[in-house]
Amino acid sequence: MANKPRYGSQHSDTDWGCDYFEVTTSSTTEKIKVCHVEVKDIKIISEALAKTVLDTSWMTSLDVGSRRAYDRTVRDTASALIEIFESTTSPSDVGVEFGEIMVSIGSTRALEKIFNHVIIPIAELWKPQKKQNEGFDFHTVCGEELINFGEAKYSGNSSPHGNAINQSKRFIEEEKHLRDYVHLKVLASDPAIENLNNDSFGIVASFSINARDPLEVLKNAIESAEEKLSLDSIKAVYLVGVSQ
Amino acid sequence: MNIIDIAKESEPAKGLSELLDILHKEGPVSSEILEKISYYKKFHPDIFETEEEKIIASLGLFYKIPRPSNLYSFLLSGIGRQHKEDFGEYLTPVQASVRRAVNNNKIISISAPTSAGKSYSIRDFIAESDGDAVVIVPSRALIAEYVNTMRQKFKGDKNVMISSFVDNVFKSRNPRRIFILTPERARDLFLANLNLNVKVFFFDEAQVSEENERGIIFDVIVRRVKKYFDAAKLIFAHPFVENPDAQIKKHNFSEKDGFSRSYTHGAVGKVFIYQHKNKKFYYFSPFSDRGHQIKKCIEHDQKFSDFAFDGTHSVLVYVSKASIYNGKYIQPFKKYIDNYEEIDSVEAEEIINTIEHLLGADNDEHNSELVSLLRKGIVIHHGSVPLEVRFLVEDLIRQGHAKICFATSTLAQGVNMPFDIVWLNNMNIIGENEQSKSLSFKNLIGRAGRLSNTPEFDFGYVFTKSPQLLSKRVNEKFSLEEVSIIDTPDVSNDPDTSELLNSIKENTFDDDKQAPLSKIERLGQPEIIKYCKAVLDIIYNDDSIKDNLCGAKNEFNRESLKQHFQFIFEASINRVLHEGELAVFRQAISIFIQVIQGRSFREIVGIRYSYISKKDEGHQGYAAFAQPAAKLPKSTLTNTYSIFNQNTMARDVSYDAVVFDTYDYMDQVISFSLTDSFMTSFKVYKDNTSDQRADKMLELLRFGTNNSVHTFLMRYGFPPEDVVELSKYILFINEDTITFKPEISDAPKYLQEMADWYLPE
């Protein structure tokens with residue numbers, strides 16, 4: 001049984017309006033590494049996300065006028081997104097999708113800042129999503145040249161680490177990670193692919209945290225991961241909690 | 001990727017993903033992309049459905065998804081929400097772009113596919129502007145469509161008056177005036193005493209500038225607008241034109257004030273089908289090289305005609321006018337039509353009954369195939385169907401009651417009427433050259449695919465028997481000339497039109513008399529003045545017009561009128577009429593004589609039908625001779641011939657053919673070809689004689705009546721067919737004001753609705 005973890009080093013990210021905390025643990029399983037993301041300003045993430053779509057769309061470069069309106073469009077769209085995300089009265093698919101993206105982006109950035117991971121770009125929003133074709137949500141490559149398969153779970157009122165961990169476990173068992181092979185072969189380094197070929201890889205289970213004491217949630221997550229992600233081929237397990 | 005690649009793709013998600021990437025970054029810039037999307041929907045419906053909302057969002061059709069359910073669509077819809085905030089509607093990106101262009105520039109020339117909704121944006125701009133506005137469109141059918149949509153736009157606004165000719169009535173209210181005019185009628189704008197404050201001119205379907213005759217009239221209007229309304233904003237709109245900037249160059253507008261753009265973005269997909277000589281039906285793409293070769297096609301899984309005419313689709317069948325007249329148009333489809341049930345709808349029934357009445361087909365002896373087909377949801381739409389009936393037919397189509405619409409090119413010319421399927425029974429397209437044929441053709445097939453409000457990607461089908469010709473037409477480009485036809489020498493070698501066109505070019509056209517000075521001189525000769533007087537002496541001989549013209553006792557008067565008018569017209573065109581022309585002319589005057597006696601269209605058709613079908617002889621023997629209508633003058637019309645061939649039995653005379661031909665006489669011959677000439681003649685006559693009866697004759701020529709209440713009602717914008725009924729409720733009417741009797745509140749609903757705008761606030 002793990003002791004309650006403690007906060008370690010802190011990194012601030014003004015680009016995405018987040019703070020990232022390393023979390024030290026006394027887990028008996030060395031391969032488990034933990035961090036905590038605190039979203040300080042959701043407006044920044046929301047605008048950044050709106051930009052990734054609007055910036056590349058034909059509609060914003062149709063004429064001078066559409067270009068001129070761009071900043072206002074981004075701002076208003078981001079506000080509308082936050083509104084729908086924070087609405088407690090009408091939970092929506094859009095809000096949940098945004099929550100998951102926020103968890104994905106927060107965790108990959110945290111892994112980049114704290115553990116020096118290389119992020120494999122998240123599939124563009126307009127392309128068919130994995131949701132229709134079950135699989136992992138994002139990928140990183142760590143210093144040990146392992147591809148880490150990431151699963152992001154969001155909930156507006158709980159801390160779904162159980163879902164993230166269980167789903168990761170099931171996907172590995174069902175070999176869903178191998179579905180991404182073609183895509184990864186293009187984007188990841190050769191040694192990382194080599195490791196994957198040799199059945200060595202990592203898992204990232206990231207999840208939103210809705211609790212007064214995030215460390216308590218992380219402690220539970222560690223215990224669950226120790227039990228469920230103990231497979232030999234899983235060389236590393238990253239647990240990332242994301243709170244607002 | 002061609003059709004086969006898409007249809008047989010093992011991982012369609014991958015291809016769809018690539019397509020979404022292109023759509024997201026470049027937009028629906030070509031028919032080819034929209035065709036590909038259609039094939040994904042067709043061949044991979046399951047995966048397509050999961051991505052459909054994103055596709056709709058990436059097309060910019062935000063109004064289809066007011067509440068997006070995925071993040072991508074939600075974020076992109078931010079643009080739509082902004083349009084809603086800025087312009088009050090979920091405009092598409094192209095519509096918004098057009099709107100910005102119109103807001104921010106003085107001279108605007110744009111091109112966009114028929115279904116892109118450019119006119120919609122411009123209409124909204126006009127609605128939100130102040131000052132008077134003029135919309136110039138090429139046909140009377142389009143005028144009526146614009147009048148209807150503008151009236152809807154301004155519903156309830158009593159300070160905006162929409163008129164289809166230039167006039168200055170209702171001075172007491174002094175409303176903002178919006179004129180919807182043809183280029184010919186637009187000449188009246190330059191008459192001195194109108195005191196208009198026109199701030200915007202909208203030239204829709206401005207490619208008319210490229211036509212030999214009308215191009216001159218059109219360009220002259222543009223030049224005069226430039227000169228006399230130099231502060232006004234000018235907007236030119238075209239479908240499928242490569243270089244809309246040519247309109248700016250043609251007339252030396254300042255390029256710095258100008259904006260031009262050709263938008264190619266579409267919103268509806270189209271797939272193409274053809275029938276091979278082997279009798280099988282194939283999907284083919286006109287965008288791929290030799291796309292009709294079987295190895296590049298996918299076979300349609302059933303007989304395409306069985307699919308198209310199963311009664312669940314709306315199909316536009318393009319046929320020739322000749323086949324409608326001779327009845328052959330229907331033969332290939334008869335077996336399907338025979339299986340259709342009659343329409344079961346109260347509202348459709350009402351419309352059909354109105355049509356039946358207007359055509360005079362509610363008489364037991366008048367069998368109208370047009371009406372009986374309507375009851376099964378089969379409509380006929382072409383230029384010889386009376387305009388009023390055409391609008392009712394269009395209502396039936398819009399309400400979704402039409403399974404098949406047999407149409408000639410009239411429907412394609414700007415009338416906004418989409419179908420699930422366009423079935424090209426022939427490929428004969430009228431046009432002055434290959435370019436203009438291609439443009440008309442694109443307009444025609446542009447009717448395939450109905451843009452719905454539902455959150456679905458919409459696509460339609462185009463069927464042809466000539467895939468190669470279709471591919472050629474689809475891929476042909478249309479470019480405007482950069483030099484105006486006015487500045488190009490030798491445009492017409494037809495002596496009948498060259499006098500008019502030269503006078504317009506040389507500025508020797510008299511606006512008041514609406515004729516070249518040389519023609520005015522001819523009509524002022526003493527002999528012609530004498531014929532004009534003789535006409536007036538017959539029509540205004542103490543008694544009523546009817547008493548002077550009706551019945552056997554007045555046969556001599558009628559014959560005299562025909563001859564007097566003939567001499568006047570021959571002086572007008574400066575030659576004698578050929579035999580064939582004369583037959584048309586005499587029939588036209590005979591119909592005109594009935595019109596001015598107060599006979600309705602249905603009555604006139606009834607009289608003609610009785611004569612041609614020999615009713616008095618019990619429909620025995622062969623049909624009587626009847627020269628079909630034709631525009632006059634027509635130098636090739638040297639001989640007479642009958643509309644029904646000589647073997648047609650009297651009992652087999654088609655009532656509909658008589659309806660169409662009679663309407664052609666009223667529309668093409670009397671209104672279009674003769675009235676202007678006679679008006680000029682009587683204006684010249686008045687100048688020479690000061691005979692006040694000339695004014696009454698002018699009124700009679702313009703409105704078909706000398707009843708002053710009736711003419712005022714028409715000038716106030718009421719439809720001619722309703723003025724008799726309405727006049728019962730008029731207390732007072734003059735140029736300043738119109739006052740209804742209190743009894744109007746007990747009038748039939750349609751009259752009350754018509755009168756409502758004119759009542760005080």
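Chain letters run A, B, ... following the sequence lines, proteins first, then strands; residues in each count from 1.
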More than 12 foreign heavy atoms under 6.0 Å from [atom1] of [X]: is that the case here?
X	atom1	value
B/Lys249	NZ	yes
A/Asn198	CG	yes
A/Glu83	CD	no
A/Glu86	CD	yes

Exercise for review: Give the ring-plane orientation class for B/Tyr72 versus A/Trp126, where under 30° counts as parallel, over 60° as perpendicular and anything between as tilted.
Suggested key: tilted
Point to revise | Atom group of A/Ala69 that falls short of 4.5 Å from chain B, counting heavy atoms | key: both
Point to revise | Heavy-atom contact with chain B under 4.5 Å, split by part of A/Ile101 | key: side chain
Partner chain A: residue of [options] with the largest heavy-atom pair count (under 4.5 Å):
options	value
B/His265, B/Arg100, B/Lys25, B/His24	B/His24
B/Ala101, B/Ser69, B/Ser77	B/Ser69
B/Leu20, B/Val94, B/Leu71, B/Thr92	B/Leu71

What's the shortest heavy-atom distance between [X] and [Y], and which atoms?
X	Y	answer
A/Met59	B/Ser58	CE-O, 3.5 Å
B/Leu75	A/Val53	CD1-CG2, 3.8 Å
B/Ser17	A/Lys127	OG-CD, 3.2 Å
B/Pro28	A/Trp58	CD-CZ2, 3.4 Å

Which atoms of [X] come close to chain A, meaning under 4.5 Å heavy atom to heavy atom: side chain ones, backbone ones, both, or neither?
X	value
B/Ala96	neither
B/Arg261	side chain
B/Gln82	side chain
B/Glu18	neither
B/Leu19	neither
B/Leu59	backbone

Less than 4.5 Å apart, side chain to side chain, heavy atoms only: is that true for [X] and [Y]?
X	Y	value
B/Arg67	A/Ser92	no
A/Leu54	B/Leu76	yes
B/Glu85	A/Asp76	yes

Review point. Do A/Arg72 and B/Asp86 meet the salt-bridge criterion of a basic N to acidic O distance under 4.0 Å?
Key: yes
How long is the gap from [atom1] on [X] to [atom2] on [Y], to the nearest 0.5 Å?
X	Y	atom1	atom2	answer
B/Phe74	A/Leu81	CZ	CG	5.5 Å
B/Ser73	A/Asp93	OG	CG	11.5 Å
B/Ile79	A/Ser57	CD1	OG	4.5 Å
B/Arg81	A/Thr73	CZ	OG1	10.5 Å

Point to revise | Partner chain B: residue of A/Thr60, A/Leu49, A/Leu62, A/Val74 with the largest heavy-atom pair count (under 4.5 Å) | key: A/Leu62
Review point. What residue in A/Ser66, A/Ala50, A/Ser61 has the most heavy-atom pairs under 4.5 Å with chain B?
Key: A/Ser66
